[in-house]
Engineer: 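Pasting a structure here, questions to come.
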Amino acid sequence: MAAKHTRLELTWIGKDNSPRLEPRILLEDPDLSYRAGAGSASEGYHDNILINGDNLLALKALEAGHAERVQCICIDPPYNTGSAFSHYDDGIEHSLWLSLMRERLLVMRNLLATTGSLWVFVDDSEAHYLKVLLDEVFGRLNFVANVIWQKTTSARNDALFFSSSHDHLLVFAKDKESLRLNGLPRTAASETAYSNPDDDPRGPWREGDYKCAKSAEERPNLYYPIVHPFTGQEIWPRRNRVWAYSREVCHQHGNENLLWWGKTGNYKFPKLKRFRTQAPESLVPTTLWLADDVDQTRKARLESIALFPEDPFPTPKPERLIARIIQIASNQGDVILDSFLGSGTTAAVAHKLRRKWIGIEIHQHAVTHCVPRLKKVIDGSDHGGVTATYSWPGGGGFRFCRLASSLLEKDKWGNWVVSKNYNPEMLAEAMCKLEGFRYAPDPAVFWIHGQSTETDLIYVTTQNLGREQLQFISDQVGDERTLLICCSAFRAKPDEFTNLTLKKIPQAVLHRCEWDRDDYSLNVNSLSDPEPETDTSNEDSAVGIASPDDTAEVVTPRPATRRAGQRRRSSTMQELPLFATLDQGGDA
């Protein structure tokens with residue numbers, strides 16, 4: 001252990017068993033996607049995504065297209081309290097909880113923009129372990145604040161020792177030096193600090209301290225007497241707390257009527273007038289958020305009952321609380337992410353505050369709670385929460401997506417093959433993610449399915465490519481571009497074409513990920529010893545495109561072997577053409 005862990009860190013059983021995650025593709029369900037009706041504002045429709053599926057796999061699925069694009073991540077994970085909630089498994093063993101959080105935090109950090117921040121709700125049961133874990137993942141220097149939220153104003157007399165009145169909200173920056181946060185709008189209470197007892201023509205002002213936390217030994221130039229204008233006496237500051245300004249500045253303050261000794265001269269030390277006109281229009285947030293300012297759990301439950309009278313969500317957060325986070329951490333148009341979406345509060349509030357959002361929820365209430373709630377926000381029929389505060393009229397929309405099944409599955413002989421659920425478009429998109437390309441098929445050029453740069457391209461096909469076919473593609477690519485070809489097989493030397501890189505599917509990706517695993521919710525079995533590596537001595541016989549006996553024709557390399565009665569699924573992605581029309585050039 002000492003040789004392996006060479007720095008100060010939190011350790012636990014199973015920490016080193018990090019999964020090799022498969023970057024799944026997302027499949028939209030048009031029946032559950034929703035957008036505002038004709039004539040309504042629907043900006044950002046494609047930017048708002050509600051994902052139903054394992055949140056670790058969903059976070060990984062977002063990496064390719066959203067790395068360093070998310071401005072604010074706000075999550076309310078299970079607190080590991082052992083409480084029984086019908087919608088959440090909130091009683092995970094301690095080591096499992098830490099592993100659950102660590103793997104997700106690592107991916108979240110990749111998604112955050114350099115100027116972005118992470119906000120995590122947690123209670124006393126795991127707050128201090130989580131702080132140390134966040135120090136490790138984000139860096140201790142990127143810790144911003146531990147905000148205390150007053151979740152209740154009522155004491156529980158049945159509590160054993162103390163009645164808990166608060167939750168923690170841990171805030172971390174991706175890069176503290178680049179962090180971008182906003183102040184809070186001034187409130188009526190903040191304005192009451194200003195008055196004008198001497199009818200100063202410059203307007204209302206408040207008193208400011210004229211001393212600083214330095215001693216006479218530290219700042220001898222700030223230790224001097226000021227003549228009291230009412231008594232004529234010399235007033236010296238205390239030696240351990242000298243004046244905040246030099247003699248010259250103090251003299252200027254006196255000439256400008258900025259020193260205040262009380263209306264009757266009853267102040268022993270002067271105060272500095274700070275005028276409202278000179279005050280910033282926003283306030284620096286504090287780390288104590290009282291229920292009067294951001295509401296408490298009781299108000300959140302009432303909001304949930306109003307939205308879901310038959311099945312209210314048991315652990316919601318109030319909309320005013322989430323709105324404050326989003327207001328501080330982002331601006332209009334920024335992307336907000338919540339990977340423990342629950343009943344959809346973060347997405348609903350982000351929408352009302354005119355932010356783009358991504359929500360991930362593994363359970364069925366993505367459909368039963370989130371979808372109907374967000375529809376009301378879009379239709380303008382949700383009049384509760386912060387709707388009136390931010391004058392939200394309705395509009396926009398979202399795409400409802402599910403995670404695709406694993407790219408690879410085992411056939412009846414235990415061999416890894418491309419899943420029967422994948423059509424050519426899905427296969428191409430999945431290979432783009434695995435190889436680090438952006439999926440962008442060119443309808444005019446059959447061999448362009450994506451790109452990593454303007455000159456580095458990828459082509460994915462289920463065919464067995466011969467030398468003549470590869471030569472034709474190589475000529476089309478030219479000397480100024482490079483092309484990665486992923487195919488079932490090829491009949492040429494891998495290095496024969498200088499502008500082509502040839503890889504076989506699925507051999508090329510077989511050992512990249514954990515295939516055909518859909519659940520990373522971390523049961524106890526996940527802490528057992530990892531399975532031994534598969535014997536790859538006869539790899540070519542153990543992997544391949546699914547045979548006609550196991551899957552539909554869309555992923556078989558040889559159409560001629562299709563069994564009678566089987567039909568190819570309709571597809572808009574262009575396959576490599578037969579070579580009777582080679583003289584037509586690169587257009588398919």
Side-chain angles (χ1 to χ4, degrees), residues 28-37 40 48-55 58 74-79 81-92 121 123 151-154 156 167 291 294-323 338-353 357-390 392-403 521:
E28 182 175 357
D29 185 340
D31 293 333
L32 291 173
S33 298
Y34 194 73
R35 67 188 307 169
S40 300
N48 300 327
I49 309 173
L50 174 55
I51 303 173
N52 184 204
D54 182 273
N55 65 4
C74 176
I75 59 173
D76 184 16
Y79 287 177
T81 60
S83 302
F85 296 121
S86 60
H87 296 289
Y88 254 137
D89 178 15
D90 187 13
I92 309 170
F121 285 99
D123 68 358
K151 64 182 179 181
T152 180
T153 56
S154 302
R156 291 184 54 185
D167 276 345
V294 293
D295 290 331
Q296 57 181 304
T297 53
R298 182 186 299 121
K299 178 62 181 298
R301 291 191 188 102
L302 292 175
E303 291 175 349
S304 184
I305 292 171
L307 289 165
F308 317 108
E310 301 300 323
D311 186 21
F313 196 74
T315 57
K317 293 293 186 289
E319 288 200 6
R320 283 178 67 195
L321 173 64
I322 302 302
D338 185 350
S339 60
F340 295 88
L341 191 58
S343 62
T345 302
T346 301
V349 174
H351 205 102
K352 294 176 183 180
L353 270 63
W357 55 266
I358 302 171
I360 303 170
E361 181 51 54
I362 187 173
H363 298 298
Q364 184 60 20
H365 50 275
V367 176
T368 61
H369 289 67
C370 297
V371 169
R373 178 177 193 170
L374 292 167
K375 283 183 177 181
K376 290 181 179 179
V377 173
I378 293 164
D379 291 339
S381 60
D382 174 8
H383 304 296
V386 297
T387 299
T389 304
Y390 294 94
W392 173 248
F398 64 91
R399 292 184 296 136
F400 186 97
C401 297
R402 303 184 195 274
L403 292 169
S521 57

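Just so it is clear, the values below take in all heavy atoms, side chains as well, and ignore hydrogens, waters and symmetry mates. Throughout, residue positions are numbered sequentially from 1 according to the sequence presented.
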Engineer: So which atom in Val367 and which in Pro372 form the shortest heavy-atom distance, rounded to 0.1 Å?
Structural biologist: O-CD, 3.2 Å
Engineer: Side chains of Ile360 and Leu341: closer than 4.5 Å at any heavy-atom pair?
Structural biologist: no
Engineer: Is Glu319 paired with Arg373 through a side-chain N to carboxylate O contact shorter than 4.0 Å?
Structural biologist: yes
Engineer: Treating Thr387 as the side-chain partner and Asp382 as the backbone partner, does any N or O pair qualify as donor plus acceptor under 3.5 Å?
Structural biologist: yes
Engineer: Mind running side chain to side chain contact (heavy atoms under 4.5 Å, CB included) on Ser343 and Leu307 for me, showing each step along the way?
Structural biologist: CA-CA 10 Å; Ser343 62; Leu307 289 165; over 6 Å; no
Engineer: Taking the side chain from Thr297 and the backbone from Lys151, do they hold a donor-acceptor pair closer than 3.5 Å?
Structural biologist: yes
Engineer: Please check if the side chain of Trp392 supplies one atom and the backbone of Val377 the other of a donor-acceptor pair under 3.5 Å.
Structural biologist: yes
Engineer: Contact between Leu374 and Trp357 at the side-chain level, heavy atoms closer than 4.5 Å - yes or no?
Structural biologist: yes
Engineer: Hey, does Tyr34 have a side-chain heavy atom less than 4.5 Å from the side chain of Leu50?
Structural biologist: no
Engineer: Of all heavy-atom pairs between Arg298 and Ser154, which one has the smallest distance, and what is that distance?
Structural biologist: NH2-OG, 2.9 Å
Engineer: Phe313 vs His369 aromatic rings, parallel, tilted or perpendicular, using cut-offs 30° and 60°?
Structural biologist: perpendicular
Engineer: Do Pro316 and Glu303 come close enough that some side-chain heavy atom pair is under 4.5 Å?
Structural biologist: no
Engineer: Identify the two heavy atoms, one from Ala323 and one from Leu353, that lie closest to each other, and give their separation to 0.1 Å.
Structural biologist: O-CD2, 3.8 Å
Engineer: When you compare the side chain of Thr345 with that of Leu321, does any pair of heavy atoms fall below 4.5 Å?
Structural biologist: no
Engineer: Answer yes or no: is there a side-chain heavy-atom contact under 4.5 Å between Ile378 and Phe398?
Structural biologist: yes
Engineer: Is there a donor-acceptor contact under 3.5 Å from the side chain of Asp29 to the main chain of Phe400?
Structural biologist: no
Engineer: Search all heavy atoms of Pro312 against all heavy atoms of Ile305 and return the closest pair with its distance.
Structural biologist: CB-CG1, 3.9 Å
Engineer: Quick check: closest heavy atoms across Leu32 and Val371, and the distance to 0.1 Å?
Structural biologist: O-CG1, 4.2 Å
Engineer: Can you name the closest pair of heavy atoms from Ala366 and Cys370 and give their distance?
Structural biologist: O-CB, 3.2 Å
Engineer: Do His363 side-chain atoms and Gly342 backbone N/O form a donor-acceptor pair below 3.5 Å?
Structural biologist: no
Engineer: Does a donor on one side chain sit under 3.5 Å from an acceptor on the other, for Arg320 and Thr389?
Structural biologist: no
Engineer: Looking at Asn55 and Glu361, would you say the former's side chain and the latter's main chain have a donor-acceptor pair under 3.5 Å?
Structural biologist: no
Engineer: Quick one: does Gln296's side chain have a donor or acceptor within less than 3.5 Å of a partner on Thr153's backbone?
Structural biologist: yes
